[in-house]
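In the text below, chain A, chain B and the rest are named by the order of the sequence lines, each starting its count at 1.
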Amino acid sequence: MEPGVVMDSAADADVVVVGAGVAGSLVAKRLTRAGLHVLLLEAGPATAWSFDGYGAHLDAFYGADAKGPESPWAPAVGVPQPDTADLRGDDGYFVQAGPLKYASTYTRLQGGSTLHWLGVSLRMLPEDFRMRSRYGVGRDWPLQYSDLEPYYRQAEYEIGVAADVADQTYLGVEFAPGYEYPMQRVPPSWSDSVLAGAVDGMPVTLGEREYRLKVRSYPAARNSTPREGYRPVGAVDEGPDGQRLARDLGQRCAGNTACTPICPIQAKYNAGKTLAQAERTNLHVVPQAVASRILVDPLTGQVTGVQYQHYDDPSSPRHRVRTARARAYVLAAHAVENVKLMLMSQLADGSGLLGRTLMDHPSLYGWGLAPGPVGAFRGPLSTSGIDDLRGGAFRARHAAFRVDIGNDGWRANTGAPDTTVAEAVSAHGLYGPELRRHLSTVLPRQVRFSLNVEQLPSLDNRVSIDARAVDRLGNPRPVIHYAIDEYTLAGMAEARRVYQEIFRRAGIEDRTNPDEGSWFPAVTYHGDVLHYHGMGHFAGTHVMGSDPSASVVDVDQRCWEHRNLFLVGSGSFPTMGTSNPTLTMAALALRTSDRLVTELCA
Amino acid sequence: MSDHELFLDLSVDLTGFSRIDLLGTGLTERYLEELHEVLPGTMVSDLLSTFERERANSGSETIPRLLEDEVWGPVARNMIMLWYCGRWTALPHSWTAQNGTAGKNTDHVVSPAAYVAGLQWVAAGAHPAGARQQGFGAWATAPEGLI
């Protein structure tokens, strides 16, 4: 079948999946391996799927003046995406309706945001699933940690997570007996070791309780030393004759210090790796196909097809409209794009929650100079964090947070090392050997923390559409209403206090100065100005639950009102805790895949 | 001396890196060309002959004088940014109003290769982000090679 050629009279596949990011690719792999035929529609080009195409993205990064997360990943003109660089000017893809700016972004290419994610793969804490019953805030999930634990294990093998169980057993996180991650932990950076020497065992007080801090290795979807029986998956290279994997490249992290925005050797997981492992005879991938309408039988509520706009030239909005039909439909297009597509299709939303309770991890930077060299600008961008304040009794009153320890100096927060050089040359008038000596003294001492703060669901934070704001294909752009409430602001203030205590203890000179750093939006809390950045952790927009009047999808991520339609991804999360959402959304996608296989193969 | 040789000598004095280090980037010609693409008329030759003359007369005061000069100071600082960061920084309007420009005076990375060759990474005891990987686990060891 030619790409985009669709038979209108019969089903094209057993399942149409919309979106070739991590969730959609996992669904496609599992379903095709179970013998089901999958038609996968991807809005963006598939350039990252070939070795040469990926290389062109790498060159775009090298040559980019601003090297933000999106710099290697320019979208097609008809498929715009949010970009950090657009935040300040307010002229980006999102219509920022305020009162605050929503600071996160995502990528609309085949592979999705896994193309530039950091790779951290934390499980959620058991208590994260029970925020209402445990702490009286947020909402409970319709399933528990123990329900999801088998799928966490599967997800860790599917995306290839490197970690040691001993490090990750804390705050109630438990593993099945005898379980081992597929790969040994990624070695902690020199900086982590130096910091651990100063920080481990340090007491901090939150509320009435004292907590002891520890620099803890992050589980990461980066190839490391494999454990017995596991074979790391390297770079992908799709050719005309089909998929090839692992050209002896990327089976082991080699320290390129660029997980975000682009791992040059693909030692870090991206969704293309999963898609490459699908049963190819049962998979039909159609890139450059923008789903634009879900067709529904008005009597039964069953979905009967997905309309999509297929374009040949990524630099042109010219396209043809086609329809794909199947027995079941899975939207895996992203927490925002899933909602956008539902709203564009004017699908019924009895709960009133579609697009509501959008969350993120509004995060603060703290940066400073260590008393001696810590070896900044080397290694995976973050190999450890301080995770002891992800859970605790204080969550009844304010948000939990984790401290992400950077290995890339002040790059994310100031644009270093370029800005460090520019300052030395222009402000300090340095040149020659003195300049070189200054940079050799300062750059290896740069320390950066990112304080990732939990955000609870709020009805006021939402994604909607406005027919007056459309993209080049005529599709509406997402309108985002966003605020940060007292609960999260209080957590941000506590996170700031804690990082300052850590810096003092470690002898790190606090150089945090948002006026001198890269521009980020700000919010005022008790007279303090807090500059926050987004983590790319969109969640909550099509919440799962056990009550159709209080959720959009059920525990299987099946739409309450359209029983052959599934909305998968972090949009289904009732709450997000402090973990990045990828591993949890992967676990949920695998769980949903199993349900689909059971039903459709019956 | 040829412009090429003078450009290298000036670059050594500005950056604190040796001729071998600079030649090893493979970008000497490209950076000299970059100056020609931005500076109008004979300004590149003027800069280099000024450097040659000052060096004969002022010795170690040559670079401080050049950096203080209204015309040559911003250009010399930009040369440092070329070598350290592989990027051209737009000369300010006040400068171009007085001296003109041959065009291309915008903030930009000279080329993918120029980004990778930036001397800032060497000064940091590191490697360019996304290139010249140090090998599995190298980041776990103490930084080396700092002067």
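Most heavy-atom pairs under 4.5 Å with chain B: of the set A:G379, A:A267, A:S189, this distinction falls to A:S189. No other option in A:T225, A:V421, A:I262 has as many heavy-atom pairs under 4.5 Å with chain B as A:V421.
Partner of A:N407 under the side chain to side chain contact (heavy atoms under 4.5 Å, CB included) criterion, out of A:T383, A:V447, A:T257, A:L381: A:T383 alone.
In this structure, the portion of A:A64 lying under 4.5 Å from any heavy atom of chain B is its backbone and not its side chain. With a threshold of 4.5 angstrom between heavy atoms, A:L58 approaches chain B through side-chain atoms but not through N, CA, C or O. In this structure, chain B has a heavy atom under 4.5 Å from the side chain of A:F61, while its backbone stays farther away. Of the atoms belonging to A:P188, it is backbone heavy atoms, and not side-chain ones, that fall under 4.5 Å from chain B. Looking at A:A376, the atoms closer than 4.5 Å to chain B (heavy atoms on both sides) all sit in the backbone: N, CA, C or O.
Remark: side-chain polar atoms of B:E52 are not paired, donor with acceptor, to backbone N or O of B:T50 under 3.5 angstrom. In this structure, A:Y54 contributes its side chain and A:I265 its backbone to no donor-acceptor pair below 3.5 Å. Remark: side-chain polar atoms of A:R445 are paired, donor with acceptor, to backbone N or O of A:A370 under 3.5 angstrom.
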> Is there a side chain to side chain contact (heavy atoms under 4.5 Å, CB included) between B:Y115 and B:R87 once you walk through the steps?
Replying inline: CA-CA 7 Å; B:Y115 162 74; B:R87 66 163 61 240; over 6 Å; no

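Summarising the geometry of A:Q446 relative to A:V374, their closest heavy-atom pair is O-CG2, 4.1 Å, with the distance given to 0.1 Å.
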Just distance, no hydrogens or angles: give the donor-acceptor pairs under 3.5 Å from side chains in residues 133-142 of chain B, sequence neighbours left out.
residue, atom, partner, partner atom, Å
B:Q133, OE1, A:N256, ND2, 2.7
B:W139, NE1, A:P187, O, 2.6
B:T141, OG1, B:A138, O, 2.7

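When the heavy atoms of residues 88-102 of chain B are compared with those of chain A, none of the residues falls under 4.5 Å.
In this structure, A:D200 CG and A:R216 CZ are separated by 9.0 Å, a value rounded to the nearest 0.5 Å.
Annotation: A:W367 is not in aromatic contact with A:F449 [ring centroid separation under 6.0 Å not met].
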